[in-house]
Amino acid sequence: MLKIINFTPQNSTNMTRTKIKDILKGTQINQTVNVKGWVRNFRNNSFIALNDGSSINNLQAVVDFEKTNDSILKRITPGACISVTGTLVESQGKGQSVEIKVSDIEIYGDSESDVLKPNAYPLQPKAHSLEYLREIAHLRFRTNTFGAVFRVRHTLAYAIHKFFNDKGFVYLHTPIITSSDAEGAGEMFRVTTLDPKNPPLSEANEVDFKQDFFGKATNLTVSGQLEGELGAMAFSDVYTFGPTFRAENSNTTRHLAEFWMIEPEMAFYDLKDNMALAEEMLKYVITYALENNKEDIEFLSQRLLDEEKNKPQADRSELSLLEKLNFCLGNEFAKITYTEAIDILRESNHNKKKKFQYIIDGWGADLQSEHERYLVEKHFKKPVILTDYPKDIKSFYMRQNEDGKTVAAMDILFPGIGEIIGGSQREERLEKLENRMNEMHIPTHDLQWYLDTRRFGTCPHAGFGLGFERLVLFVTGMTNIRDVIAFPRTPNNCEF
RNA sequence: UCCCUCUUAGCUCAGCUGGUUAGAGCACAUGACUGUUAAUCAUGGGGUCCCUGGUUCGAGCCCAGGAGAGGGAGCCA
């Protein structure tokens with residue numbers, strides 16, 4: 001017999017603790033309840049704003065200061081962790097519907113509020129800049145903004161798993177450490193146990209990685225795609241969702257050295273199927289977040305409005321965050337080929353008036369950020385899927401089109417963020433794949449395991465990579481990718 | 001990696017043409033008030049003006065170098 005035990009933490013008075021999110025539903029009115037959390041603010045020597053992270057909303061706990069010891073009152077400071085027990089009553093004040101009339105307070109952990117003392121709690125009951133909060137990333141979860149961001153991040157991660165699970169995809173854990181250096185997705189971080197001061201040398205006087213831990217040079221993965229394709233050739237539909245590493249010296253609001261990526265890979269999908277799945281997935285997870293984190297997203301939407309009040313009119317968004325998300329859900333993504341995009345850009349007044357830094361003239365060059373932004377934010381004003389890029393600016397594994405010039409690639413561009421998804425139908429024909437690898441000087445002997453998929457029961461298949469943090473940026477309306485991952489890793493920064 | 005901007009109180013920022021004792025709001029401390037919602041009112045404390053060097057009678061302000069941060073570009077997700 002399977003027994004399910006409902007575990008709830010108890011406190012010393014043997015009261016069952018209730019989470020603030022549930023308390024605020026008001027169903028326990030006139031009952032004695034216990035709540036534990038961190039003090040956000042203590043007003044008027046009476047009103048504690050308490051938050052336990054379960055909701056953006058605080059619970060107001062009302063202390064009768066005339067009947068409470070001064071030594072206790074002085075310890076109710078921002079950041080302190082307390083347990084309060086009392087009766088849940090309808091609030092006499094306007095800001096909340098229910099509140100706790102406190103009968104008992106237990107202080108778990110004090111928090112120094114005097115800003116002049118060296119051990120003072122760095123979060124004051126006032127607004128802080130995102131840059132400052134980034135320096136205290138270990139405490140920023142306790143703010144409204146970051147509380148909301150990381151609850152939404154969680155929901156999006158869960159929704160992604162739910163979406164693929166409901167469609168019968170297998171979640172495949174691809175390796176973090178790889179020996180493959182042929183993926184070509186970017187600079188890699190080396191993984192080694194060799195002594196950097198005195199590495200073993202080969203006869204050619206180079207570092208001898210045969211003596212390294214794995215007997216060969218290894219790196220942190222830049223993509224799980226190639227391994228994902230192996231899974232798709234057995235399970236039909238797989239996806240990966242894990243950390244990915246790029247040692248690029250990128251200093252932008254859209255890049256991290258360590259980020260999380262979702263990479264589905266589907267047998268029997270062509271490019272159109274691939275695009276349809278990507279669009280369906282994005283709309284599903286955004287809907288899921290709107291349904292399950294409504295208050296957080298409303299808060300973030302308001303936060304963005306307040307922030308943009310300080311900007312000149314021209315720099316403000318036309319739509320609020322909520323409007324932008326709903327607009328994205330209510331409209332088909334624009335779908336055009338690279339060639340059509342070049343035509344639109346070339347014929348645009350923007351190009352004719354030479355407002356682009358890079359003037360569009362011929363066919364074949366990669367689009368610059370300014371061109372992508374023009375297409376998404378000015379021309380279509382909604383997400384755009386660009387397909388069929390010139391083969392020379394794309395990866396070796398993308399399926400070659402009949403025209404001999406383009407490949408079956410797709411990039412999904414989002415307003416304000418740029419590329420959020422990159423994908424393609426894969427080249428399933430062994431000979432064409434090998435020829436392309438030779439043309440691009442990709443060593444085929446290192447990737448025999450990959451080419452085996454094309455030798456043994458190859459089939460049309462496709463997949464894409466979604467940058468998880470870029471999705472979180474879009475849904476939360478945050479503008480710097482360092483603010484949507486708990487502990488960002490970027491060039492020259494690996495704190496915490 | 002390249003370009004631009006910034007660095008002044010715990011935080012967010014002002015600081016005039018280089019001029020004598022460094023400014024505000026918030027936060028904090030003390031007191032008053034006691035149904036507050038960024039509480040309010042009064043009083044008070046708090047400064048390596050990022051660092052190093054230079055110009056000058058005199059530098060927070062000008063110059064050079066360095067460090068850190070932000071924005072943009074490239075690379076990409």
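We name chains A, B, ... by the order of the sequence lines, and we start the count at 1 in each one. Side chains included, hydrogens not; waters and symmetry mates left out as well; all remaining heavy atoms used.
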*Less than 3.5 Å between a donor and an acceptor, one on the side chain of A/Gln60 and one on the base of B/U36, is that the case here?*
yes
*Checking all strands, does A/Phe468 fall into the base, sugar-phosphate, or nothing category for heavy-atom contacts under 4.0 angstrom?*
nothing
*asked:* Output the rounded distance in Å from CG (A/Asp483) to P (B/G70).
replied: 9 Å
*Specify the separation, in whole Å, of atom CD of A/Glu187 and atom P of B/A77.*
14 Å
*Expressed as a whole number of Å, how far does the P atom of B/C6 sit from that of B/U17?*
16 Å
*asked:* Check this one for me: any side-chain N or O of A/Arg254 less than 4.0 Å away from OP1 or OP2 of B/A73?
replied: yes
*Can you tell me, in whole Å, how much space there is between the P of B/U37 and that of B/A73?*
43 Å
*Would you classify A/Leu471 as touching base, sugar-phosphate or nothing, given that sugar-phosphate means primed atoms plus P, OP1 and OP2, and contacts are heavy atoms under 4.0 Å?*
nothing
*asked:* Rounded to whole Å, please give me the gap between CD in A/Glu112 and P in B/C28.
replied: 11 Å
*Relative to the ring of A/Trp363, is the ring of A/Tyr338 parallel (under 30°), tilted (30 to 60°) or perpendicular (over 60°)?*
perpendicular
*Quick one: label A/Arg134 by what it contacts on the DNA or RNA (base, sugar-phosphate, nothing), any heavy atom closer than 4.0 Å.*
sugar-phosphate
*asked:* Please check this pair: side chain of A/Lys335 against backbone of A/Phe333, looking for a donor-acceptor N/O pair closer than 3.5 Å.
replied: yes
*Send over the distance from A/Asp366 CG to B/A77 C1', rounded to a whole Å.*
14 Å
*asked:* For the C1' atoms, the ones on B/G68 and on B/A22, what distance do you get once it is rounded to whole angstrom?
replied: 24 Å
*Find the distance A/Leu413:CG to B/A77:P and express it as a whole number of Å.*
12 Å
*Donor-acceptor pair (no angle test) under 3.5 Å: A/Asp114 side chain, B/A29 base*: no
*Would you say the base of B/G35 and the side-chain of A/Glu99 have a donor-acceptor pair closer than 3.5 Å?*
yes
*Quickly, which of A/Arg436, A/Arg426, A/Gln225 forms a side chain to side chain donor-acceptor pair (under 3.5 Å) with A/Tyr397? Name it, please.*
A/Gln225
*Is there a Watson-Crick or G-U wobble partner for B/C2 with both distances under 3.5 Å, and if so, which one is it?*
B/G72
*Taking the side chain from A/Arg40 and the backbone from A/Pro125, do they hold a donor-acceptor pair closer than 3.5 Å?*
no
*Relative to each other, are the rings of A/Phe141 and A/Phe150 parallel, tilted or perpendicular (30° and 60° limits)?*
perpendicular
*Classify the nucleic acid contact of A/Asn58 as base, sugar-phosphate or nothing, counting any heavy atom under 4.0 Å across all strands shown.*
nothing
*Using purine N1 to pyrimidine N3 plus N6-O4 or O6-N4 for Watson-Crick, or N1-O2 and O6-N3 for G-U wobble, each under 3.5 Å, what pairs with B/U7?*
B/A67
*Under 3.5 Å, is there an N or O donor on one side and an acceptor on the other linking the side chain of A/Gln96 and the base of B/U36?*
yes
*Take A/Arg373 and A/Met261, find for each the nucleotide of RNA chain B with the closest heavy atom, and name the residue whose nucleotide sits nearer the 5' end.*
A/Arg373
*Phosphate-side-chain proximity, A/Thr253 and B/G72, N/O vs OP1/OP2 below 4.0 Å*: yes
*Distance, rounded to the nearest Å, where A/His371 contributes NE2 and B/G74 contributes P*: 9 Å
*Complement of B/U40, any strand, by Watson-Crick or G-U distances under 3.5 angstrom*: B/A32
*Look at all strands and tell whether A/Pro125 reaches a base, only sugar-phosphate, or nothing, counting heavy atoms closer than 4.0 Å.*
sugar-phosphate
*Taking atom P in both B/G58 and B/C2, what distance in whole Å separates the two?*
37 Å
_Rounded distance (Å) that lies between atom C1' of B/A27 and atom CZ of A/Phe42_ = 17 Å
*If you check every side-chain atom of A/Lys101, which of B/C28, B/G35, B/U34 has the closest atom?*
B/G35
_Base-pairing mate for B/U56 - Watson-Crick or G-U, with both contacts under 3.5 Å_ = none
*Check whether any side-chain nitrogen or oxygen of A/Asn493 sits under 4.0 Å from OP1 or OP2 of B/A69, and answer yes or no.*
no
*Any strand is fair game: report the nucleotide pairing with B/A14 by Watson-Crick or G-U wobble, both distances under 3.5 Å, or none.*
none
*When we call it a touch if two heavy atoms are under 4.0 Å apart, what does A/Lys117 touch: a base, just sugar-phosphate, or nothing?*
nothing
*So, the side chain of A/Ser111 versus the backbone of A/Pro78: is there a donor-acceptor pair under 3.5 Å, distance only?*
yes
_Heavy-atom donor-acceptor pair, A/His255 side-chain to B/C76 base, under 3.5 Å_ = yes
*Does a side-chain N or O from A/Asn249 land closer than 4.0 Å to OP1 or OP2 of B/U1, or not?*
yes
*Phosphate oxygens OP1/OP2 of B/G74: is one of them under 4.0 Å from a side-chain N or O of A/Gln368?*
yes
*Is A/Gly465 touching bases, backbone alone, or none of the nucleic acid, heavy atoms closer than 4.0 Å?*
sugar-phosphate
*Respond yes when some side-chain nitrogen or oxygen of A/Arg43 is under 4.0 Å from OP1 or OP2 of B/U40, and no when none is.*
no
_Using a 4.0 Å heavy-atom cut-off, does A/Ser250 contact any base of the nucleic acid, only the sugar-phosphate backbone, or nothing at all?_
base
*asked:* At 4.0 Å (heavy atoms only), tell me whether A/Ser91 reaches a base, stays on the sugar-phosphate, or touches nothing.
replied: base
*Is any side-chain N or O of A/Thr244 closer than 4.0 Å to OP1 or OP2 of B/A77?*
no
*Report which part of the nucleic acid A/Leu116 touches: base, sugar-phosphate, or nothing (heavy-atom distance under 4.0 Å, all strands).*
base
*asked:* Looking at A/Gly53, is its backbone amide N or carbonyl O close enough to the side chain of A/Asn51 to form a donor-acceptor pair, meaning the two atoms are under 3.5 Å apart?
replied: yes
*Report yes if a side-chain nitrogen or oxygen of A/Ser369 is closer than 4.0 Å to either non-bridging phosphate oxygen (OP1 or OP2) of B/G72; otherwise report no.*
no
*Counting side-chain heavy atoms from CB outward, which of B/A77, B/C26, B/G70 is closest to A/Lys126?*
B/C26
*Hey, does A/Asn251 reach any base, or is it just sugar-phosphate, or nothing, if we go heavy atoms under 4.0 Å?*
base
*Under the 3.5 angstrom rule, does the side chain of A/Ser317 hit a backbone N or O of A/Ser320 as a donor-acceptor pair?*
no
*Using a cut-off of 4.0 Å on non-hydrogen atoms, how would the nucleic acid contact of A/Arg40 be classed: base, sugar-phosphate, or nothing?*
nothing
*Which residue, A/Ser46 or A/Tyr132, contacts RNA chain B at a nucleotide closer to its 5' end, judged by nearest heavy atom?*
A/Tyr132
_With rounding to the closest Å, how many angstrom separate the P atoms on B/G60 and B/C16?_
12 Å
*asked:* Could you check whether A/Glu258 pairs with A/Arg246 (Lys NZ or Arg NE/NH1/NH2 to Asp/Glu carboxylate O, under 4.0 Å)?
replied: no
_Passing candidate, side chain to side chain contact (heavy atoms under 4.5 Å, CB included) with A/Asp388, options A/Val407, A/Asn401, A/Thr339_ = A/Asn401
_Same-atom distance (C1') from B/C50 to B/U7, integer angstrom_ = 6 Å
*asked:* Tell me whether the side-chain N or O atoms of A/Gln92 pair up with the base of B/G35 as donor and acceptor below 3.5 Å, since no angle test is needed here.
replied: yes
*Taking only the side-chain nitrogens and oxygens of A/Asn480, find out if one of them lies under 4.0 Å from OP1 or OP2 of B/G71.*
yes
*If the P atom of B/G18 is compared with that of B/C61, how far apart are they to the nearest Å?*
11 Å
*Between B/U34, B/A73, B/U36, which one does the side chain of A/Phe65 approach most closely?*
B/U34
*What integer distance in Å separates A/Lys94:NZ from B/A38:C1'?*
17 Å
